[in-house]
Structures are given as structure tokens and as C-alpha cells.
Amino acid sequence: MKVFAVFGTRPEAVKMCPLVLELKKHKEIECLVCLTGQHREMLSQVMETFGIKADYNLDIMRNRQTLTTVTTDILERLEPVLYREMPNVVLVHGDTTTSYAAALAAFYRQIPVGHVEAGLRSGDIYSPFPEEMNRLMTDRIATYHYAPTEQNRRNLLSEGIAGNIYVTGNTVIDAFSYTVKKNYIFQNAKLKHVSFWKRRIVLVTAHRRENLGQPLISICQGIKRLSREYPDVDFVYPVHLNPAVREAVYAVIDNIPNIFLTEPLNVPDMHNLISRCYLIMTDSGGLQEEAPAFGKPVLVLRTETERPEAVTAGTVKVVGVDEAAIYQEAKKLLDNPDAYRQMAQAINPYGDGHASERIAEALLALK
């Protein structure tokens, strides 16, 4: 069986690399990797971490790329590769434009698509944008659906997608066995100066498209207010490379002693930071899945989440982007040990770290 895994962004790579490594263990499967190049530098770091080399790189990244150019470039450059290889299955992940465009390219060649992390829904096609529509369309194209949770399976069933659904857990949990080490030494220079054993650390990330502008400024103002009230707490914020993000963040919270603004972290640094921090404040989807594996409460800096399982389980709370709300909810967890313990001890709804094995078994069963 020839399996063709296509991905192009850092988050996809973190979740697909453990699956690629698992597939390569099986002699019955030939697993090829194709990068689209939607991300470049951030993606290469992940590939190096997992020791995976791509068989193809479409190298689509260009200055001022848009959703349209990403989509059309992938369609044009992936078509001849699929024609040459003619795999039995094309695997895509999640909700990126790479995933949707690669699934569409495979559909045009009448090649079955397997969708890893299928069935996530926010219920609003414009939030997150364009991810919600990407995942909807990818699930419509896909033949095989690898749903992380039972709720994801129910979402698919409610839309009339009834066949070939496998509840597997989330492959991001699998990644930790490769990246998190007890005696890990951080590579980022600023993290070397963070007192993980003496002070509480709050990890912050915010970069989503829908938060650009005033929402991101409000988020930063909330963090600034917290940093002043809690001088004994350190805030670590790896700042996304998007110029609009960096401009807002550095304008509001630069040069504050207990706020560490860093460049984007490589995967081992990020995963070990998650494992050692006290609390996470984020608009990321992936962190909502990763943090519960380490018992870390998450405050979601968005107005909705496509990961309601974590909210139901109690590991995640959606707090929005209002400065006062962010301040109040973080204050509760910093001041109230019982409130913190209730979130930290909630059961992780995203699996046991064996999702890749379940996906491999499902693929082998197709032979």
C-alpha cells in the first residue's frame, strides 16, 4: 500500500510526523511525504526534530501569498506528483489551506483521501477563518475520517458522513514521546533565564487572523495588567512572525521585566515549556489539545472553540478577548488553588498517545 502524506504548516507537521514514523514501521506500507511549503523555516525545524526527510517539496511559499495563491499553487504543483506516484491513499491533516487544496487535488485524480483530525467544528464558517470551511470541505472530499474524539464522530454523522469513521485520539499526544524530556535543556536563549523551579510561568500565544487588530491589543493589555499585579509570576510569549502580530505585541508589552517575548519556539522547546508552565493563555487550537496531557489549565483567548470536549472536560475555558475578562479569569487561577486544581486534574479528552497506531491499523485493514 502506497500512502502519500501531504502537509505544509508547522502545526500539521507536529501532528503528522508521529504518524509518518508509525507508518514507516510497517513493511506493508510505503509512506511518502510531500511538503507544500506553506510554511518554510518553521516547518523545517519540525522535520529535523522527528528525523524525517520529505520525498517531495512543492515549495509554494512566496512573498505576499494569499489564500488564493496557496490554493492554486498547490493544485498546480501537486497534480503531476500525484500522477507520477498514484498512491492508494492521500493523507491530509486538520484544517489548513494545504489540507483542503491537497484533498481537492487528490479528488481530481480520483485518489481516496484520509483526513487526520476529522470532524472538528466551531459552527461558524468565518471563525476560525478559513479553517472552519477548510475542514468542512476536506471532510466532504475524504473517504476515510480519523476523528480524535467521539464528539468529532458525532459531528460527522450529523452531517450525513456515515462511513469509514475511526475514533483514534489526537496524534499530537503521540508527539510528546519524541519531544518531552525530564532533564531537557532549552535551546532558546531567553528560556534559559526563566526560573521554572522557583516561579510560576504563564505561557501566552496569540496570533489568529480573527484576533488581529484591537482584539490582540486587548489581549496584550490584559497580560500587561496581570504582569503588574503579579510581579512574582513570569509570562512567556513566543511571538508569531506575522508583522501585524509583532507590531501589536511589542507596542503594548515590550520591556516589562516579567514578560519574556521570544521568537517562535522550535517543537522541543515548546512542548517542554508546556510541560513545565503553570497556566496557558492562548488562541491556538493545538494548545487546547496539548495542555491537558500535562494537567495545565487553558484559557482560550477566542469567542468560540471547535474543541468543546476540552471545555466539557473542564481543562479549557473560553474567556474571549476582552481585557477585563482575561484579567479576571487568569486572576482566579492564580489566586484560587481549588479553581486551579479543578482544571488541572480534569481528564484529558484527546487520547492516550496511541492515535498513530490506530490510524495505521485502519489503513492496514484496507488491504
Side-chain angles (χ1 to χ4, degrees), residues 1 3-7 9-26 28-29 31 33 46-47 49-52 89-96 99 103 112-121 135 138-139 142-157 161 164-180 267 270-271 274-275 284-296 298 306-310 312-313 315-316 346-366:
M1 172 183 287
V3 177
F4 200 73
V6 185
F7 49 95
T9 69
R10 171 184 157 134
E12 287 173 289
V14 172
K15 295 180 176 183
M16 286 291 272
C17 282
L19 176 56
V20 169
L21 292 175
E22 177 63 31
L23 295 177
K24 287 181 178 291
K25 294 178 183 177
H26 296 272
E28 307 95 325
I29 296 175
C31 181
V33 174
V46 182
M47 301 295 284
T49 295
F50 288 93
I52 294 174
V89 179
V90 170
L91 291 181
V92 299
H93 181 279
D95 53 21
T96 68
S99 299
V113 171
H115 187 195
V116 181
E117 202 175 272
L120 276 68
R121 299 290 184 268
R135 61 172 74 105
T138 302
D139 276 331
T143 300
Y144 310 111
H145 303 84
Y146 306 109
T149 70
E150 181 62 29
Q151 178 61 55
N152 301 148
R153 187 184 76 88
R154 289 195 293 268
N155 290 342
L156 293 167
L157 292 174
I161 300 172
N164 299 311
I165 303 174
Y166 309 86
V167 179
T168 62
N170 197 299
T171 58
V172 76
I173 309 301
D174 304 13
F176 296 141
S177 64
Y178 297 94
T179 58
V180 177
V267 173
M270 190 63 172
H271 282 181
I274 294 168
S275 74
S284 163
L287 275 168
Q288 296 175 53
E289 300 158 344
E290 294 165 336
F294 300 103
K296 309 299 180 179
V298 179
E306 60 275 46
R307 293 164 173 85
E309 304 90 351
T312 302
T315 64
V316 160
I347 295 173
N348 177 14
Y350 295 112
D352 56 5
H354 297 282
S356 297
E357 295 171 32
R358 296 187 182 96
I359 295 171
E361 290 170 3
L363 286 166
L364 287 167
L366 299 176

Has the side chain of [X] got a donor or acceptor atom that lies under 3.5 Å from a matching backbone atom of [Y]?
X: Asn155; Y: Leu120; answer: no
X: Asp139; Y: Gly119; answer: yes
X: Asp174; Y: Pro18; answer: no

For the atom pair [atom1] ([X]) and [atom2] ([Y]), what is the distance rounded to the nearest 0.5 Å?
X: Leu19; Y: His93; atom1: CG; atom2: NE2; answer: 9.0 Å
X: Leu156; Y: Gln151; atom1: CG; atom2: CD; answer: 10.0 Å
X: Glu309; Y: Glu306; atom1: CD; atom2: CD; answer: 9.5 Å
X: Thr168; Y: Glu117; atom1: OG1; atom2: CD; answer: 9.0 Å
X: Asn170; Y: Arg307; atom1: CG; atom2: CZ; answer: 7.5 Å
X: Met270; Y: Ser284; atom1: CE; atom2: OG; answer: 7.0 Å

(message) Consider side chain to side chain contact (heavy atoms under 4.5 Å, CB included). Of Val90, Val113, Asn164, which one does Thr143 pass it with?
(response) Asn164
Going by heavy atoms in the side chains, are [X] and [Y] under 4.5 Å from each other?
X: Thr138; Y: Asp95; answer: no
X: Leu363; Y: Ile359; answer: yes
X: Ile29; Y: Leu364; answer: yes
X: Thr179; Y: Phe50; answer: yes
X: Val172; Y: Tyr350; answer: no
X: Glu289; Y: Val316; answer: no
X: Arg135; Y: Arg121; answer: yes

(message) Using the ring-ring contact (aromatic ring centres under 6.0 Å, His included) criterion, which residues pair with His271? Sequence neighbours excluded.
(response) Phe176
If I compare all heavy atoms of [X] with all of [Y], which pair ends up nearest, and what's the gap?
X: Lys15; Y: Thr171; result: O-OG1, 2.6 Å
X: Cys17; Y: Met47; result: SG-SD, 4.0 Å
X: Ile274; Y: Ala291; result: CG2-CA, 4.1 Å
X: Val33; Y: Ile52; result: CG2-CG2, 4.3 Å
X: Gly94; Y: His115; result: O-NE2, 2.7 Å
X: Lys24; Y: Cys31; result: NZ-O, 3.1 Å

(request) List in chain and number order the residues that pass side-chain contact (heavy atoms from CB on, under 4.5 Å) with Ala362, two or more places apart in sequence or in another chain; answer none if no residue qualifies. (result) Tyr146, Tyr166
(message) Going by side-chain contact (heavy atoms from CB on, under 4.5 Å), name the residues that satisfy it together with Val167, two or more places apart in sequence or in a different chain.
(response) Glu150, Arg153
Taking only residues two or more places apart in sequence, or in another chain, which ones meet [X] in a salt bridge (charged side-chain N to carboxylate O under 4.0 Å, His left out)?
X: Glu357; result: none
X: Arg10; result: none
X: Arg358; result: Asp352

